[in-house]
Protein chains: 2
Amino acid sequence: MERKSQQKNTILKVLKGTTSHPTADWIYSEVRKEIPNVSLGTIYRNLRQLKARGKILKLHIDDVSSRFDYNTKSHCHFRCTKCKQVFDLIVPECSKMIEQLSRQRGLQISSYMVTFSGLCVKCQKQKYPN
Amino acid sequence: MERKSQQKNTILKVLKGTTSHPTADWIYSEVRKEIPNVSLGTIYRNLRQLKARGKILKLHIDDVSSRFDYNTKSHCHFRCTKCKQVFDLIVPECSKMIEQLSRQRGLQISSYMVTFSGLCVKCQKQKYPN
DNA sequence: CTACTTGCAAAATATTTGCGTTATT
DNA sequence: AATAACGCAAATATTTTGCAAGTAG
């Protein structure tokens with residue numbers, strides 16, 4: 001059975017306290033502030049377990065590395081191609097679309113991953129690219 | 001400037017001839033049937049170039065490795081969690097949704113990646129899991 | 001000829017795993 | 001006491017890159 005550990009708690013706390021959809025490596029550096037000798041292997045092992053138990057989401061937004069999300073409800077993301085930030089998007093039309101898809105095409109949809117890419121409002125306003 | 005090469009042509013031909021959204025490694029093994037001494041580095045280099053020139057899409061559907069698609073129009077995918085196949089989905093509602101998003105929220109959306117996961121029609125019918 | 005492309009091998013990244021030890025239940 | 005979780009280091013897997021040679025334009 002699952003056991004508690006300071007490491008797992010801290011990982012969850014870090015994830016809960018950010019909206020940045022962080023990578024394993026970023027989580028590692030955050031957790032190390034509290035548990036300096038934590039190992040990266042432990043981060044990965046816990047993230048995998050948490051995902052398997054449905055407590056977090058693993059996102060495949062870019063090809064560099066996976067990102068993790070404390071918000072386990074399927075939702076949409078917007079990735080700015082300039083500042084590389086990933087924002088949550090609440091898109092009510094999306095759930096309607098899925099309902100339609102399963103009704104009309106017989107697909108049993110258990111989750112979805114939607115990522116829009118483009119320029120966020122902030123970066124659109126910047127005249128000179130960085 | 002860009003130059004032609006047998007390797008690049010073959011990669012494109014292979015991609016054009018499949019709907020399986022293959023990985024670099026699968027493409028490699030297909031290309032090798034025609035050019036036995038092609039190198040994996042060449043595959044990756046060409047795939048990167050082709051993507052940069054907008055001739056193919058790079059998909060981030062699962063965490064194992066990237067997949068590539070000859071169909072460069074943004075479109076939706078369905079990934080069966082059982083047989084692991086990835087199918088194209090034409091979802092007209094999707095383009096409407098994007099139009100709405102840019103109009104209502106000021107986002108400049110240049111592309112999107114939509115992946116639904118679940119059981120495909122075929123796998124739903126199978127009584128005994130493999 | 002110029003310089004893009006290739007094959008090869010080594011390097012860089014991201015993630016997983018084996019093992020002996022620690023800690024939770 | 002049993003065994004899940006840990007830290008560490010080595011192993012995998014995927015993708016990139018440096019370099020000398022080949023080739024398209």
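Sequence lines set the chain letters: A, B, ... in the order given, protein chains first and strands last, and positions in each chain run from 1. As a basis for the values below, the full set of heavy atoms in this structure was taken, side chains included, without hydrogen atoms, waters or symmetry mates. Nothing here was measured: the structure is a model prediction, and the numbers come from that model.
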Atom [atom1] of [X] to atom [atom2] of [N]: distance rounded to whole Å?
X       : N      : atom1 : atom2 : result
A:Tyr44 : D:dC8  : OH    : C1'   : 16 Å
B:Arg32 : C:dC8  : CZ    : C1'   : 14 Å
A:Asp62 : C:dA14 : CG    : P     : 10 Å
A:Lys4  : D:dT3  : NZ    : C1'   : 18 Å
B:Asn37 : D:dA21 : CG    : C1'   : 13 Å
A:Ile43 : C:dT16 : CD1   : P     : 13 Å
B:Leu40 : C:dC8  : CG    : C1'   : 12 Å
A:Gln6  : C:dT22 : CD    : P     : 17 Å

5' priority, DNA chain D, between B:Gly41 and A:Asn46 [closest heavy atom]: A:Asn46

Comparing B:Thr42 and B:Ser65 on DNA chain D - which has the more 5′ nearest nucleotide: B:Ser65

Identify which nucleotide among [options] has an atom closest to any side-chain atom of [X], counting heavy atoms from C-beta outward.
X       : options                : answer
B:Ser5  : D:dC6, C:dA14, C:dT5   : C:dT5
B:Arg48 : C:dT16, D:dG25, D:dT17 : D:dT17
B:Arg3  : C:dT15, C:dA3, C:dG7   : C:dA3
A:Ala24 : C:dG7, D:dA24, C:dT15  : C:dT15

May I ask you to test the [X]-[Y] pair for a side-chain heavy-atom distance under 4.5 Å?
X        : Y       : result
B:Ile35  : B:Gln7  : yes
A:Val114 : A:His77 : no
B:Phe116 : A:Ile98 : yes

Sugar-phosphate only, base, or nothing, as touched by B:Gln49 at under 4.0 Å among non-hydrogen atoms: sugar-phosphate

Sugar-phosphate, base or nothing in reach of A:Ser66, heavy atoms under 4.0 Å: sugar-phosphate

Approximate separation, where rounding is to 0.5 Å, of A:Asp69 CG and A:Asp88 CG: 5.5 Å

Any N/O donor-acceptor pair, B:Arg45 side-chain to C:dT5 base, under 3.5 Å: no

Stepwise salt bridge (Lys or Arg N to Asp or Glu O under 4.0 Å) test for B:Glu30 and B:Lys13: CA-CA 10 Å; B:Glu30 286 301 301; B:Lys13 194 177 69 180; over 6 Å; no

